[in-house]
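To start, the structure under review is shown below, and the notes come after it.
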Protein chains: 2
Amino acid sequence: MTALSTVPEAGPAEFPAVAEPPLHPATRLRAILDSVAAEDGSLPPLNDELVRAMRLPDDLPEPLGISEVAEITGITAHTLRYYERIGLVETDRDTSGRRVYDRDALGRIAFVTWLRLSGMPIASVSRYLSLVKAGPDTQDERLGLLLEQRAAIVAQLRDLQGALAVVDYKITTYGGACGA
Amino acid sequence: MTALSTVPEAGPAEFPAVAEPPLHPATRLRAILDSVAAEDGSLPPLNDELVRAMRLPDDLPEPLGISEVAEITGITAHTLRYYERIGLVETDRDTSGRRVYDRDALGRIAFVTWLRLSGMPIASVSRYLSLVKAGPDTQDERLGLLLEQRAAIVAQLRDLQGALAVVDYKITTYGGACGA
DNA sequence: CTAGGCCTTCGAGTGCGCTCGAAGCCAACT
DNA sequence: AGTTGGCTTCGAGCGCACTCGAAGGCCTAG
């Protein structure tokens, strides 16, 4: 188990820390993940509480507007509306037609966000959600989709570890020529 | 050090294996990485030989045509020409104007591919390469770029581990509803 | 000498995932 | 009453990274 197989978040004093660029919008999800991670960057064993915590903050004032959800999730209001337009999420409305989000709605958004963060295309997320809606006799196909995505995630982890090795090598040999 | 912090490549018999979808084109690079990985999916300690092996296969018939490079790297000939057009790589030509690739050229392509696999935008790769060409007084900026990219990679690893946890949870609870 | 195949350039098209802007509604505050 | 601010819909536009196709060159085998 080498340093390559863990996630050295703040850097084990080997490399100077760099402000993280906001590659993906899930700031809140990341923060939750960070809050449960150990010092060496590894995650605690998977259990219900952890998964629950990774999906939702505990202190939720229940009726949330779109901009509050945007702030919590890091997804812009524009994108949230876009997701709804293409049928990726459904949202309740208040009497004047505004979107209101309860705990469950936020949970669904968080789930979609995790899938998107793992590189799953919107079309596949959509397909999965429609299977869920379609009822219990779609479990086989659902499971298939999940296993496929799991494999894709593992492949990406492998790619990233390779890239990390190459970049770290470059850093330690400090700015060497690209082919060297 | 839990199962989450390693990369369970073939799956530790917990989940059935799924044929990996070709998310990214670097089939050969992936194969090289797989060949040096331990059984539990962790990578051996970083050293020169490893990094060298991750960049190039050892048995290279030296004058390579574009389609051979395409097959080795998994990058299409179209994309290789595209990379050249936008100045991402340079390539020698034979007397009749065809592209020929030697070991160094292939090494540069592999390096670029690793950066791309880590999500670095083409523009940033380009910037880095132009700094390398510009000479040794650009080392500070080069190092900055590398550190930035390192941070981006670490962030992505964290995201993927979170997504993996969520997906695995769904798999073990077998096709449960999306918000549950 | 011609056919096949792989190469060349260049420009245009594609797919994905947002991202933005215009025009308008509604509630609350001054 | 008016003004502000945040919300609504809808369609169009954008940025990235390819991806493709057309038109033609060069070399080799039959």
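Small disclaimer: the values here were computed from a predicted structure and weren't measured. Reminder, nothing fancy here: chain letters follow the sequence lines and each chain counts from 1. The figures that follow rest on heavy atoms only: side chains count, while hydrogens, waters and symmetry mates do not.
Remark: A:E141 engages A:R127 in a salt bridge (charged side-chain N to carboxylate O under 4.0 Å, His left out) (not counting sequence neighbours).
At whole-Å resolution of the value, NE2 in B:H78 and P in C:dA12 are 16 Å apart. Distance CD (A:E68) to C1' (D:dG6): 12 Å, rounded to an integer number of Å. Rounded to whole Å, the distance from CD on A:E71 to P on D:dC7 is 11 Å. C:dC26 atom P lies 11 Å from atom CG of A:D94, rounded to whole Å. Regarding A:I75, its CD1 atom lies at a distance of 14 Å from the P atom of C:dG17, rounded to whole Å. Distance CG (A:L64) to C1' (D:dC7): 15 Å, rounded to an integer number of Å.
Shown for residues 79-86 of chain A: residues whose heavy atoms fall under 4.0 angstrom of DNA chain C, namely A:T79, A:Y82, A:Y83, A:R85.
Salt bridge B:E84/B:R108: absent, no basic N to carboxylate O contact under 4.0 Å. Salt bridge status for B:K133 with B:E90: present, with a side-chain N to carboxylate O gap under 4.0 Å. One finds a salt bridge joining B:R150 and A:D168 here, because a Lys/Arg side-chain nitrogen approaches an Asp/Glu carboxylate oxygen to under 4.0 Å.
Applying the 4.0 Å criterion to OP1 and OP2 of C:dC18, one finds that A:R116 has a side-chain N or O inside that range.
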Mind listing the N/O atom pairs, protein and nucleotides 25-28 of chain D, below 3.5 Å?
{"from": "D:dG25", "atom 1": "N2", "to": "B:R98", "atom 2": "NH2", "distance (Å)": "3.2"}

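Contact of the A:Q156 side chain with the B:Q156 side chain is not registered, since no non-hydrogen atoms from C-beta on lie closer than 4.5 Å. Considering only heavy atoms from C-beta on, B:I122 comes within 4.5 Å of B:Y82 through its side chain. A 4.5 Å side-chain heavy-atom check between B:V112 and B:L129 finds at least one atom pair inside the cut-off.
For A:R99, the listed nucleotide lying nearest its side chain is D:dT8; candidates were D:dT8, D:dC18, D:dC20.
Proximity of a side-chain donor or acceptor of A:S124 to a complementary backbone N or O of A:M120 within less than 3.5 Å is not detected.
To the nearest 0.5 Å, the span separating CD1 on B:I109 from OH on B:Y83 amounts to 10.0 Å.
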